[in-house]
Amino acid sequence: MIISVASGKGGTGKTLVATSLALSLIDNNKIQLLDCDVEEPNANILLHLALSQRKRVYVPIPKVDETNCTYCGKCAEICAYNALAVIKEKVLVFPELCHGCGACSYLCPESAITEEGREVGVVERGDSGNLELIQGKINVGEAMAPPVIREVKKYIEPANIVIIDVPPGTSCPVVEAVEGSDFCLLVTEPTPFGLNDLLLAVEVVRKLGISCGVVVNRVGIGGKEVEQYCLREGIPILSRIPLDRNIARLYSEGIPLVKGIPRWREAFLRLFQDIKSMIIDE
Ligand code: SF4
Ligand code: SF4
């Protein structure tokens with residue numbers, strides 16, 4: 001079972017929910033937590049696992065052998081990302097724009113293009129008992145998050161309960177991380193900003209055909225807009241976490257919610273049972 005935990009923007013408590021869910025379930029289940037928030041993976045700030053395995057992630061970029069090149073321009077024409085330009089007798093490659101799709105090397109009529117790897121990030125792995133953490137991290141200044149997320153997701157073992165901490169927002173990395181999930185939990189705040197980002201996130205998961213439910217975090221800071229929207233749209237609110245100084249303190253000290261306040265474990269077990277029932281009903 002794959003459950004992704006997403007939110008329309010950062011700082012809504014997505015990692016708090018993902019780690020609490022994982023830690024609530026480890027007594028009786030094998031859990032894989034995939035931290036796909038590759039710009040800033042922070043699940044391990046709460047989990048404290050030793051990440052003993054490390055694998056670099058490369059994107060294949062074109063390398064042009066100009067002794068065979070006729071400067072026909074076909075490679076630049078075919079590249080959907082403008083990562084190649086042919087000017088007079090020179091082929092320019094812009095590695096940061098290249099998505100490594102391989103189209104240019106495949107279609108070059110002179111077989112003048114080979115590929116070389118460009119490192120874009122790393123995947124790290126560690127475990128303890130029933131809990132396995134796999135986290136992706138892109139290099140500083142790197143924009144190419146999807147290849148790192150794809151590498152993280154290769155570790156998924158379908159027999160396990162897999163929880164994916166999705167990058168914030170609604171762009172390509174989010175789609176890459178959420179795709180293939182059985183269910184998506186959307187974490188939001190009860191504020192107009194929270195509602196706005198929730199609307200966008202719901203649109204993405206609906207387009208992907210994935211059922212979703214909402215966790216409202218910091219209940220008490222805003223109004224009823226999020227609750228009213230969910231009611232109107234038939235989106236279940238599966239959990240409510242109050243605005244609470246203790247919860248914020250535990251997070252800032254790197255203490256998981258379900259360890260700092262053990263009664264929350266019951267709430268997350270109930271949340272899991274609700275998700276499971278919804279997946280079965282589907
Ligand atoms: S398609 Fe091949 S031959 Fe044509 S410009 Fe590109 S590298 Fe050169
Ligand atoms: S591999 Fe794909 S994205 Fe990269 S330069 Fe070639 S055609 Fe463009």
Side-chain angles (χ1 to χ4, degrees), residues 2 4 6 8-10 34-41 53-125 134-156 162 164-181 184 200-201 203-210:
I2 304 177
S4 48
K9 72 179 181 74
L34 271 51
D35 196 341
C36 289
D37 191 352
V38 297
E39 275 187 30
E40 206 178 344
Q53 291 175 25
R54 193 179 159 85
K55 189 179 160 199
R56 293 173 200 276
V57 182
Y58 297 91
V59 169
I61 61 162
K63 186 179 174 196
V64 181
D65 175 359
E66 294 204 17
T67 55
N68 291 332
C69 176
T70 57
Y71 306 104
C72 68
K74 288 210 168 79
C75 53
E77 259 170 51
I78 199 71
C79 181
Y81 303 99
N82 299 318
L84 286 165
V86 182
I87 41 165
K88 289 191 180 165
E89 300 215 328
K90 187 81 195 152
V91 181
L92 300 176
V93 180
F94 304 101
E96 300 76 23
L97 299 180
C98 173
H99 282 55
C101 70
C104 54
S105 56
Y106 183 73
L107 292 167
C108 171
E110 308 300 331
S111 300
I113 301 180
T114 52
E115 290 177 339
E116 59 184 4
R118 183 175 77 85
E119 189 184 327
V120 291
V122 72
V123 174
E124 296 169 322
R125 183 196 163 281
I134 302 110
Q135 71 170 26
K137 209 191 281 180
I138 54 170
N139 293 344
V140 176
E142 181 56 63
M144 210 61 74
V148 180
I149 294 171
R150 275 196 290 280
E151 279 305 313
V152 173
K153 291 181 79 175
K154 282 184 185 168
Y155 285 79
I156 289 178
V162 180
I164 301 180
D165 192 342
V166 175
T170 49
S171 57
C172 295
V174 176
V175 174
E176 191 70 53
V178 173
E179 218 165 19
S181 300
C184 185
L200 299 171
E203 201 179 319
V204 172
V205 290
R206 281 186 171 163
K207 276 194 180 139
L208 291 171
I210 296 167

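What you see below is based on every heavy atom in this structure, not just the backbone, and it leaves out hydrogens, waters and symmetry mates. Counting starts at 1 for both ligands and their atoms, in listed order.
- Residue, atom and distance of the protein heavy atom nearest to atom 8 (Fe) of ligand 1 are Cys69 SG, 2.3 Å.
- With values rounded to the nearest 0.5 angstrom, Leu34 atom CG is found 11.0 Å from Ser4 atom OG.
- Which parts of ligand 2 touch Pro62 is read off a 4.0 Å heavy-atom cut-off, strictly below it: atoms 5 (S).
- Taking atom 1 (S) of ligand 2 as the reference point, the nearest protein heavy-atom neighbour is Gly102 N, 3.3 Å.
- For atom 2 (Fe) of ligand 1, the nearest protein heavy atom (residue, atom name, distance) is Cys108 SG, 2.4 Å.
- Residues Glu110 and Lys74 are not paired through a salt bridge, judged by the lack of any N-O separation under 4.0 Å between the basic side chain and the carboxylate.
- Using a 4.5 Å heavy-atom threshold, the side chains of Val166 and Cys36 count as separate.
- Side chains of Leu84 and Val91 form a contact here, defined as non-hydrogen atoms less than 4.5 Å apart.
- Against a heavy-atom cut-off of under 4.0 Å, Ile113 is close to the following atoms of ligand 1: 7 (S).
- With values rounded to the nearest 0.5 angstrom, Gln135 atom CD is found 9.5 Å from Arg54 atom CZ.
- Less than 4.0 angstrom separates some heavy atom of Leu84 from each of these atoms of ligand 2: 5 (S).
- Heavy-atom proximity to Tyr71, at under 4.0 Å, picks out these atoms of ligand 1: 5 (S), 8 (Fe).
- The Tyr81 neighbourhood of ligand 2 comprises atoms 3 (S), with distances under 4.0 Å to a heavy atom of that residue.
- The nearest heavy-atom contact from the protein to atom 4 (Fe) of ligand 1 is Cys72 SG, 2.4 Å.
- For Ile61, the closest heavy-atom approach to ligand 2 does not fall below 4.0 Å.
- When non-hydrogen atoms are compared, ligand 2 lies under 4.0 Å from the backbone of Cys98 as well as from its side chain.
- Close approach of ligand 2 to Cys104 (heavy-atom distance below 4.0 Å) involves ligand atoms 1 (S), 5 (S), 6 (Fe), 7 (S).
- Looking at atom 6 (Fe) of ligand 1, its nearest protein heavy atom turns out to be Cys75 SG, 2.4 Å.
- Residue Asp35 holds its CG atom at 10.0 Å from NZ of Lys137, rounded to the nearest 0.5 Å.
- Counting heavy atoms from C-beta outward, Ile78 and Tyr106 have side chains that stay 4.5 Å or more apart.
- Distances below 4.0 Å separate heavy atoms of Glu110 from the following atoms of ligand 1: 3 (S).
- Salt bridge Glu203/Arg206: absent, no basic N to carboxylate O contact under 4.0 Å.
- A donor-acceptor pair is defined here as one N or O able to donate and one able to accept, closer than 3.5 Å; such a pair exists between the side chain of Lys153 and the backbone of Glu176.
- In summary, the atoms of ligand 2 found under 4.0 Å from a heavy atom of Ala83, numbered by their order in the structure, are 5 (S).
- In terms of protein heavy-atom proximity, atom 3 (S) of ligand 1 is closest to Thr70 N, 3.6 Å.
- Each of Cys98, Cys79, Cys75 was scored for a side-chain contact (heavy atoms from CB on, under 4.5 Å) with Pro62, with one residue passing: Cys98.
- Taking backbone and side-chain atoms together, Cys79 has no N/O/S atom less than 2.8 Å away from atom 6 (Fe) of ligand 2.
- Ligand 1 places these atoms under 4.0 Å from at least one heavy atom of Gly73: 4 (Fe), 5 (S).
- Interface atoms of ligand 2 facing His99, defined by a heavy-atom separation under 4.0 Å, are 3 (S), 4 (Fe).
- Residues Tyr71 and Glu66 bring a donor and an acceptor atom of their side chains to less than 3.5 Å of each other.
- With rounding to the nearest 0.5 Å, the separation of CD1 in Ile134 from NZ in Lys55 is 11.5 Å.
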